[in-house]
Structures are given as structure tokens and as C-alpha cells.
Amino acid sequence: MVNKIALITGANKGIGFETAKQLAAEGMTVLIGARDAERGEQAARELRESGAGAHFVQLDVTDDASVARAAKQIEKDYGHLDVLVNNAGTASVARKRTQPSETALEDMKAVYEINVFGVVRVTNAMLPLLQMAPAARIVNVSSEAGSITSQTGTTSPMGGNPASAQYPSSKAAVNMLTAQYAKQLRDVPIKVNAANPGFTQTDFTGGRGVRTAAQGAEPSVYLATLPDDGPSGVLYGHIWTTEGDGDGGYGVLSW
Ligand SMILES: NC(=O)c1ccc[n+]([C@@H]2O[C@H](COP(=O)([O-])OP(=O)(O)OC[C@H]3O[C@@H](n4cnc5c(N)ncnc54)[C@H](OP(=O)(O)O)[C@@H]3O)[C@@H](O)[C@H]2O)c1
């Protein structure tokens with residue numbers, strides 16, 4: 001049997017690295033998308049040393065040329081792509097916690113360049129390769145922070161978090177992109193879904209969180225390995241609830 005090929009962006013650390021590790025454990029050949037060669041090679045080497053089929057692919061999601069080169073390389077080496085996990089993301093390039101009214105447009109644009117335009121750039125470049133696979137899966141790593149229901153309602157503690165413009169709105173855009181790509185691809189066997197890792201201990205959160213990076217990767221892995229009768233166009237992952245200890249397990253979240 002030929003191994004499935006999976007590309008994970010931002011896979012040199014955190015949730016992306018753990019996603020690559022878990023997809024490799026499922027028997028997939030994993031392509032470690034990373035913008036920095038040293039960090040990407042190191043991550044791929046670490047996975048290979050534990051027996052995985054893992055290879056570094058230079059990929060900066062904000063750079064057209066880098067993304068085009070990555071697509072060309074994958075086409076040359078494998079001829080197709082079974083799984084794309086759009087995982088690379090950032091909270092704030094300037095790392096400033098600001099109210100919407102004080103948000104610097106420069107920072108907002110920089111966040112969108114990675115979290116939103118990066119998803120479109122990479123997906124559009126990889127789509128011809130995904131269409132060459134028998135039943136490809138696209139996973140957009142989103143967040144409950146991008147759920148308007150969670151941000152404005154009372155069923156999730158997210159509603160009590162401070163107001164912020166850039167990151168939540170970027171992930172709301174990722175959610176809508178997920179719905180729109182799923183709509184475009186609804187008559188072909190490609191599924192497009194968004195993953196919510198939950199509040200996870202990575203560099204992104206300064207090590208804070210209630211979930212390990214391995215747990216944060218689980219929704220992405222679930223969506224990347226969906227059977228043919230699985231859903232397309234949903235936000236799936238960890239549910240944070242105002243009930244009990246706050247852990248609502250896994251399920252589909254409201255947009
Ligand atoms: N941690 C959480 O609580 C949490 C919750 C919900 C959603 N998420 C989402 O989960 C995803 C992964 O986050 P994480 O927590 O694992 O964060 P992380 O440890 O900071 O990892 C982020 C990854 O994205 C990469 N990246 C950033 N900009 C990039 C670019 N322009 N091109 C390519 N790669 C780029 C980083 O590469 P470098 O090492 O080169 O910087 C790194 O590999 C993000 O989309 C995030 O929004 C996280």
C-alpha cells in the first residue's frame with residue numbers, strides 16, 4: 001500500500017509538530033512545512049529518528065514564491081497530496097493585548113497575512129495536488145476564539161474574555177473560508193473542516209493552557225483522517241463550557 005502524503009504548515013513546533021507526529025503514527029509520510037530551514041530540518045530529523053517518514057519542506061505561508069516552490073517540490077516528489085493541515089498561525093505579531101479601538105492596523109494586517117491570506121495562498125497552491133488524491137482532507141486550524149457564538153454567548157467562558165480585534169476576527173475569517181471551500185468542493189471527495197485545538201500549552205500561549213500540544217493536535221488528526229461519510233464544512237474540536245470543570249470533550253462547535 002502506498003503511504004498517504006500529508007503537508008502540515010508551521011510543523012516545526014507546537015500543535016503542528018504534534019499533528020505531524022500523530023499523522024506519521026497513522027502511517028502517513030509527513031511533510032514538515034516550516035519557514036526556517038534549521039528549525040524545519042531539526043523537527044523532521046527528530047521524527048525520522050523515531051521511525052517516521054518525515055521530510056522538511058521550506059514554506060513561509062506569507063510568501064508566494066515559497067509556497068509555489070513547495071507545491072512544485074511536492075508535485076515532483078509525490079505527484080499528489082492526501083492531506084493539507086493549514087496550521088501555521090499567530091496571535092499578534094506585535095504581541096500587544098489591545099482593545100479593538102486601539103488596534104494598530106499594521107498588526108492586524110500582519111496577523112491576517114499569516115492566519116487568513118496564508119490559508120488561501122497555501123490551499124490554492126496545493127489544491128491541484130489534493131485533487132490528484134482519491135479523497136483528500138483539508139484541515140484549517142482555527143480556534144473557538146473565532147466562533148461568534150462563543151464570543152457573544154454565555155455557554156462558553158470565551159464570552160468573558162477581554163475584547164480583541166485581530167486574532168478572533170482572523171479565525172472567524174478562517175471559519176468562513178472553511179465553509180466556502182467546503183461549499184465549492186461539496187461534489188468532489190475532498191473534505192474541508194476547521195479544527196479547534198482548545199487552550200493549549202505552546203509558545204503561542206507562553207506555555208499557558210489546559211491541554212498538552214499532543215491533545216491540541218487531536219482535532220486536526222481526527223479531521224485529517226475522516227472516513228468518506230464524515231462531515232465537511234464544520235468546526236470540530238475541544239469544547240470549553242461554563243459547566244463543571246469547563247471540559248466539554250470533543251464535538252462540533254457553533255460558528
Ligand atoms: N495554543 C493554543 O491555545 C491554540 C488555541 C487555538 C488555536 N490555536 C492555533 O493552533 C495553531 C498552531 O499554534 P501553536 O499553539 O502550536 O503555536 P506555536 O507553537 O507558536 O506554533 C506556530 C507555528 O506557526 C509557524 N508560523 C508562524 N508564522 C508562519 C509563517 N509565516 N509561515 C510558516 N509558518 C509560520 C511557526 O513557525 P516559527 O517557529 O518559524 O515561528 C510555528 O511553527 C495556530 O493556527 C493557532 O492559532 C492555538
Side-chain angles (χ1 to χ4, degrees), residues 7-22 30-44 46 56-67 69-70 84-95 109-123 125-126 139-147 150-151 156-158 161 164 166-175 177-178 194-221 223 235-240 246 253:
L7 169 67
I8 303 99
T9 67
N12 54 289
K13 66 177 182 179
I15 293 167
F17 178 74
E18 290 295 331
T19 302
K21 194 174 180 180
Q22 291 174 31
V30 292
L31 307 180
I32 304 294
R35 57 181 165 178
D36 180 84
E38 204 172 308
R39 292 196 287 270
E41 291 280 17
Q42 163 63 30
E46 191 178 327
F56 161 65
V57 173
Q58 199 283 331
L59 198 155
D60 182 333
V61 303
T62 66
D63 180 349
D64 286 338
S66 159
V67 173
R69 262 196 314 273
L84 168 63
V85 184
N86 284 310
N87 167 82
T90 189
S92 163
V93 171
R95 291 267 163 211
K109 284 179 192 167
V111 170
Y112 270 58
E113 194 60 59
I114 297 170
N115 292 8
V116 184
F117 309 145
V119 170
V120 176
R121 186 177 285 113
V122 175
T123 303
M126 300 298 162
V139 180
N140 296 327
V141 182
S142 184
S143 172
E144 186 182 355
S147 160
S150 290
Q151 289 282 3
S156 166
M158 187 68 72
N161 279 2
S164 170
Q166 61 238 43
Y167 182 73
S169 69
S170 77
K171 291 299 187 182
V174 170
N175 290 346
L177 286 171
T178 303
N196 176 38
F199 187 30
T200 303
Q201 297 146 9
T202 63
D203 289 350
F204 176 94
T205 57
R208 292 177 312 121
V210 296
R211 293 164 59 71
T212 64
Q215 289 171 321
E218 285 173 2
S220 294
V221 172
L223 294 171
L235 171 61
Y236 170 91
H238 185 251
I239 293 175
W240 195 23
L253 286 86

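Order of appearance sets the numbers: ligands from 1, and atoms from 1 within every ligand. As the structure is a computational prediction, the values presented were derived from the model and not from experiment.
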**Q.** Sub-4.0 Å heavy-atom approach of Gly209 to ligand 1
**A.** no

Sorted by chain and number, sequence neighbours left out, side-chain contact (heavy atoms from CB on, under 4.5 Å) with Tyr112 holds for Met108, Val116, Phe117, Ser169, Ser170

Q.
Can a donor-acceptor pair be found, under 3.5 Å and without considering hydrogens, that links the side chain of Glu18 to the backbone of Gln215?
A. no

message = Any nitrogen or oxygen of Ser143 lying under 3.5 Å from a nitrogen or oxygen in ligand 1? Just yes or no.
response = no

Check your understanding: Is a donor on one side and an acceptor on the other found under 3.5 Å between the side chain of Asp60 and the backbone of Arg35?
Key -> no

Ser142 side chain vs Val174 backbone, donor-acceptor pair below 3.5 Å = no

Ala43 and Ile32 have their tightest heavy-atom pair at CB-CG2, 4.1 Å

Heavy-atom proximity to atom 4 (C) of ligand 1 ranks first, among Gly216, Gly198, Ser170, Gly89, for Gly198

With heavy atoms and a 4.0 Å threshold, my read on which part of Phe17 contacts ligand 1 is neither

Note: Arg39, heavy atoms under 4.0 Å from ligand 1, region reported as side chain

Counting N and O atoms only, with roles assigned by atom type, does the side chain of Asn140 sit under 3.5 Å from a partner on the main chain of Val119, one being a donor and the other an acceptor?
no

On a heavy-atom basis, the closest approach of Asn175 and Ser147 is ND2-N, 4.0 Å

Honestly, for Thr202 the part within reach of ligand 1 (heavy atoms, under 4.0 Å) is side chain

Contacts of Val120 meeting side-chain contact (heavy atoms from CB on, under 4.5 Å) (sequence neighbours excluded), chain-then-number -> Asn124, Leu177, Tyr181

Tyr167 heavy atoms within 4.0 Å reach ligand 1 at atoms 6 (C), 7 (C), 8 (N), 9 (C), 46 (C), 47 (O)

- [ ] Verify, without hydrogens or angle tests, whether Gln151 (side chain) and Ala145 (backbone) share a donor-acceptor contact under 3.5 angstrom.
- [x] yes

Quiz prompt | Thr205 side chain to Thr200 backbone, donor-acceptor under 3.5 Å | solution = yes

Counting heavy atoms under 4.0 Å, the part of Lys171 that contacts ligand 1 is side chain

Between ligand 1 and Gly10, is the shortest N or O to N or O distance under 3.5 Å? yes

All heavy atoms of Met126 vs all of Leu7, minimum pair found to be CE-CD2, 3.7 Å

Atoms of ligand 1 under 4.0 Å from any heavy atom of Asn12, numbered from 1 in the order shown, are 37 (O), 38 (P), 39 (O), 42 (C), 43 (O)

Near Thr205 (heavy-atom distance under 4.0 Å), the atoms of ligand 1 are 1 (N), 2 (C), 3 (O)

Short version for Ser142: what comes under 4.0 Å of ligand 1, heavy atoms counted, is backbone

Logged contact type for Asp36 with ligand 1, heavy-atom cut-off 4.0 Å, is neither

field: Ala34 backbone acceptor or donor facing Arg39 side chain under 3.5 Å
entry: no

Note: Leu59, heavy atoms under 4.0 Å from ligand 1, region reported as backbone

Point to revise | Modelled atom types, side-chain donor and acceptor of Ser66 and Gln58, under 3.5 Å | key: yes

Near Val141 (heavy-atom distance under 4.0 Å), the atoms of ligand 1 are 9 (C), 10 (O), 11 (C), 45 (O)

Is Ala34 in contact with ligand 1, taking contact as a heavy-atom separation below 4.0 Å? no

A student comparing His238, Lys13, Arg35, Gln58 should find that the heavy atom closest to atom 28 (N) of ligand 1 comes from Arg35

Checking heavy-atom distances from atom 32 (N) of ligand 1 to each of Thr19, Val61, Asn115, the winner is Val61

Contact (N/O only, under 3.5 Å) between Asn196 and ligand 1: no

Ligand 1 to Gly14, heavy atom cutoff 4.0 Å, flagged ligand atoms 16 (O), 19 (O)

Given the options Thr178, Thr123, Thr9, Asn86 meets side-chain hydrogen bond (donor to acceptor under 3.5 Å, both in side chains) only with Thr123

Logged contact type for Ala88 with ligand 1, heavy-atom cut-off 4.0 Å, is both

Nearest heavy atom to atom 11 (C) of ligand 1, choosing from Ile114, Ile15, Thr90, Asn87, belongs to Asn87

Thr62 heavy atoms within 4.0 Å reach ligand 1 at atoms 31 (N)

